[in-house]
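Naming convention: chains lettered A, B, ... in sequence-line order (proteins, then strands); numbering from 1 in each chain.
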2 protein chains.
Amino acid sequence: MKKYNIPVEAALEVIGGKWKVVILCHLIKEKRRTGELKRLMPGITQKMLTQQLRELEEDGVILREVYNQVPPRVEYSLTKYGWSLKGILDALCAWGEQHIEKTYPEKDSVLVKPIEIK
Amino acid sequence: MKKYNIPVEAALEVIGGKWKVVILCHLIKEKRRTGELKRLMPGITQKMLTQQLRELEEDGVILREVYNQVPPRVEYSLTKYGWSLKGILDALCAWGEQHIEKTYPEKDSVLVKPIEIK
DNA sequence: TAATGTAGGCACTAAAAAGTAACAATTGGA
DNA sequence: TCCAATTGTTACTTTTTAGTGCCTACATTA
């Protein structure tokens, strides 16, 4: 059994890493299919996306729904347990916003223009 | 200038990684000197600790105070800006606690017994 | 007939993060 | 004289994380 020195380490095990918080921030807004997520995160590769989604599913925070169609359609959404992360995700997003304003007061284009999704 | 796709990426740049949240969770409780932090985090190496502390200092969330003594005494604490992370840190700690309870209901010794610090 | 779109697997390589070990500096005390 | 205590640096190695390219499946559409 995994051991932690302090409880917060258990949270980091679930949502730590480069991508998971970003994925969750997108999914908390709306249910998304794989390709949409990939377009929302221009930096991620198919491999990493799949891998991170699998781990989040494993930890019970997201749901993977496969529709039996061709071409395939897979949708990801937060589970009820995933929604218990809402407070954390909201706080992180808000802090990120104000940190950008504080750090780049001239507010040039620090944020990449979001692309068309659907 | 660094570019972000969504603002939360800016937050992850400051508190992301394996150690920073843990360090901040300790410092939010009380001011600590280097050796205390090292004992509080049995898994961290001197190098990683120093490196992470430098980066946190660089980002303005912690303060490094050097006392001119021999042997040296260095104390770390949260800056005012660092305290703006309190909501996030509290939420993460709380989520971690309940996640442990949910995941290991038999509640054996998932938490390593904390060692003596001072 | 042949290309298109979607999700994802696999083998391999590259880059980033983290760990290891040895060394420095200073001064009080054995 | 030499060691202990505290914080930190540096060079090097290992581990983890991430990226690339190529392959599958199959109904629809051109």
So, OP1 or OP2 of [N]: does either fall under 4.0 Å of a side-chain N or O from [X]?
X: B:Arg73; N: D:dT7; value: no
X: A:Tyr67; N: D:dA27; value: no
X: B:Tyr76; N: D:dG8; value: yes
X: A:Thr34; N: C:dG8; value: yes

Atom [atom1] of [X] to atom [atom2] of [N]: distance rounded to whole Å?
X: A:Lys18; N: C:dA17; atom1: NZ; atom2: P; value: 8 Å
X: A:Arg64; N: C:dA7; atom1: CZ; atom2: P; value: 10 Å
X: B:Leu12; N: C:dA16; atom1: CG; atom2: P; value: 18 Å
X: A:Lys20; N: D:dT16; atom1: NZ; atom2: C1'; value: 13 Å
X: A:Ile44; N: D:dA18; atom1: CD1; atom2: C1'; value: 10 Å
X: A:Lys38; N: C:dG5; atom1: NZ; atom2: C1'; value: 11 Å
X: A:Met41; N: D:dA18; atom1: CE; atom2: P; value: 12 Å
X: B:Asn68; N: C:dT26; atom1: CG; atom2: P; value: 11 Å

Testing B:Arg33, B:Glu36, B:Arg64 one by one against B:Tyr76 for a side-chain hydrogen bond (donor to acceptor under 3.5 Å, both in side chains), which residue passes? B:Arg64

Winner on side-chain proximity to A:Trp19, out of D:dG19, C:dG8, C:dT6, is D:dG19

Given D:dT20, D:dT7, C:dA7, identify the nucleotide with an atom nearest to the side chain of B:Pro72.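 Of all the options, the side chain of B:Pro72 is nearest to D:dT7.
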
Quick test of your reading of the model: are B:Lys20 and B:Glu55 salt-bridged, counting only N-O distances below 4.0 Å?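 Counted as a salt bridge, because a side-chain N and a carboxylate O are separated by less than 4.0 Å.
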
Is any side-chain N of the basic residue among B:Lys3 and B:Glu9 closer than 4.0 Å to the acidic one's carboxylate O? no

Using the side chain to side chain contact (heavy atoms under 4.5 Å, CB included) definition, which of the options A:Leu40, A:Ile62, A:Val61 pairs with A:Leu27? A:Ile62

Measure from the side-chain N and O atoms of A:Gln98 to the backbone N and O of A:Trp95, and report whether any donor-acceptor pair falls under 3.5 Å. yes

Output for pair (B:Ile100 CD1, A:Tyr4 OH), nearest 0.5 Å, gives 6.0 Å

Taking atom CD of B:Glu58 as the centre, report whether more than 12 heavy atoms of other residues, nucleotides or ligands fall under 6.0 Å from it.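 Atom CD in B:Glu58 is not crowded, with 12 or fewer foreign heavy atoms closer than 6.0 Å.
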
Those residues of residues 46-63 of chain A lying under 4.0 Å from DNA chain C by at least one heavy atom: A:Gln46, A:Thr50, A:Arg54

